[in-house]
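The model shown is predicted, which means the values in this text are computed figures rather than measured ones.
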Amino acid sequence: MNKCMTLPVSLIAATCLLSGAIAGCSTDKLSKSNDKVSALAGEPPIDAMSHIVDNGKNSADLQSLKAQLELQQQQLATMSAEQQALQEKLKRQQITLNIKPTTNANAGRTKVGTASTAYIAFLEEESQFTDIEALAAKEISIIPNRESSLTVNIPQDARFIAIKVGLRYTKKRSQFLIPLASLNFDTPLAINIGGCDVSITEGVDPALAPTFTTKLKYYQQPLVSCS
């Protein structure tokens, strides 16, 4: 007991240094071992983890932007379709008529053209065809060899446009009952007025109303003579 208590101070200090060195060595080895285990386990360093998080966030932001862009494109497509439908609807609320009298318009058996009147009516039923003049929305003065053009509003419930030109010699060949469904609204309805008959040269689409256009073709065969 006395020997321990009488150990030199230098020996005690050396023993403490040796113990610290051994402890320090063990700590370093343990830290290195932990790092090695972490590396073997595939655990990324802190900087790599931050990079992965940033990439994930950027990817999510990109997907969000793509989704917003697709939604905006769909909305624009819907708006464009609605606008086109509205324009088409507005276009079908009017009709343009081009009246083209020849130099011998309403001449009949003579060679001298004469003024006449064209009546434009919109009908809901075919039975109203006999009342064209009474139901006329427009009356147009026809002067030989003088073209004219006008645009007429179409009533909402109308199904036909009726045209009658007051020719002196031929009544049958001077009036039409035209289904609105047969009209090509991109082209004016062109009406040629001759000596004793009337013909439609543009504005009717055969594909829209084949039955009517077949009748129209038969109706507009050349006349042998005025009667």
Side-chain angles (χ1 to χ4, degrees), residues 10-98 120 122-125 137-138 149-161 178-191 200-214 216-217:
S10 58
L11 181 58
I12 295 172
T15 302
C16 290
L17 288 173
L18 180 60
S19 299
I22 294 173
C25 181
S26 299
T27 302
D28 291 341
K29 288 182 178 180
L30 180 60
S31 176
K32 291 179 180 180
S33 297
N34 288 339
D35 291 343
K36 187 175 183 180
V37 171
S38 297
L40 290 174
E43 181 179 318
I46 294 176
D47 290 344
M49 285 294 293
S50 300
H51 183 67
I52 292 173
V53 171
D54 290 341
N55 283 346
K57 182 178 179 182
N58 291 338
S59 177
D61 290 343
L62 181 60
Q63 293 298 325
S64 178
L65 288 174
K66 286 183 178 180
Q68 292 178 20
L69 180 60
E70 290 178 359
L71 179 61
Q72 290 177 354
Q73 289 176 338
Q74 292 175 359
Q75 291 174 342
L76 288 174
T78 300
M79 291 174 61
S80 178
E82 290 176 350
Q83 185 177 14
Q84 290 180 358
L86 179 60
Q87 290 176 347
E88 187 68 21
K89 183 177 180 180
L90 291 174
K91 183 173 65 177
R92 292 176 178 273
Q93 291 179 352
Q94 294 181 328
I95 183 172
T96 299
L97 304 174
N98 286 346
I120 311 297
F122 294 97
L123 311 178
E124 297 178 23
E125 304 293 338
K138 288 286 183 180
S149 179
L150 75 156
T151 300
V152 188
N153 293 328
I154 301 175
Q156 185 176 358
D157 296 329
R159 294 173 52 225
F160 303 93
I161 178 173
I178 306 171
L180 293 177
S182 71
L183 298 181
N184 177 4
F185 286 90
D186 293 322
T187 304
L189 187 63
I191 305 169
I200 296 175
T201 57
E202 288 182 312
V204 175
D205 189 342
L208 297 176
T211 302
F212 168 74
T213 49
T214 300
L216 184 64
K217 183 178 180 180

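In this structure, the side chain to side chain donor-acceptor pair (under 3.5 Å) partners of N153, at least two apart in sequence or on a different chain, are Q94. Residues that satisfy the side-chain contact (heavy atoms from CB on, under 4.5 Å) test with A158, not counting sequence neighbours, are F122, I154, P155, L180. P179 is linked by a side-chain contact (heavy atoms from CB on, under 4.5 Å) to F160, S182, F212, counting only residues two or more places apart in sequence or in another chain.
With a 4.5 Å cut-off on side-chain heavy atoms, I95 and I120 do not count as touching. Here the side chains of I161 and V152 are not in contact, with every heavy-atom distance at 4.5 Å or above.
Here CG of L69 is found 10.0 Å from CD of Q74. Values are rounded to the nearest 0.5 Å. Within the model, atoms OG1 of T78 and CD of Q75 stand 7.5 Å from one another, a figure rounded to the nearest 0.5 Å.
Judged purely by atom type and a 3.5 angstrom limit, S80 has no side-chain atom pairing as donor or acceptor with the backbone of L76.
Nearest heavy atom pair, residue R159 against residue E125, reads NH1-OE1, 3.6 Å. Of all non-hydrogen atoms in L208 and L183, the two that sit nearest each other are CD1-O, 3.4 Å.
Of the candidates N98, I178, T96, I178 is the only one forming a side-chain contact (heavy atoms from CB on, under 4.5 Å) with L189.
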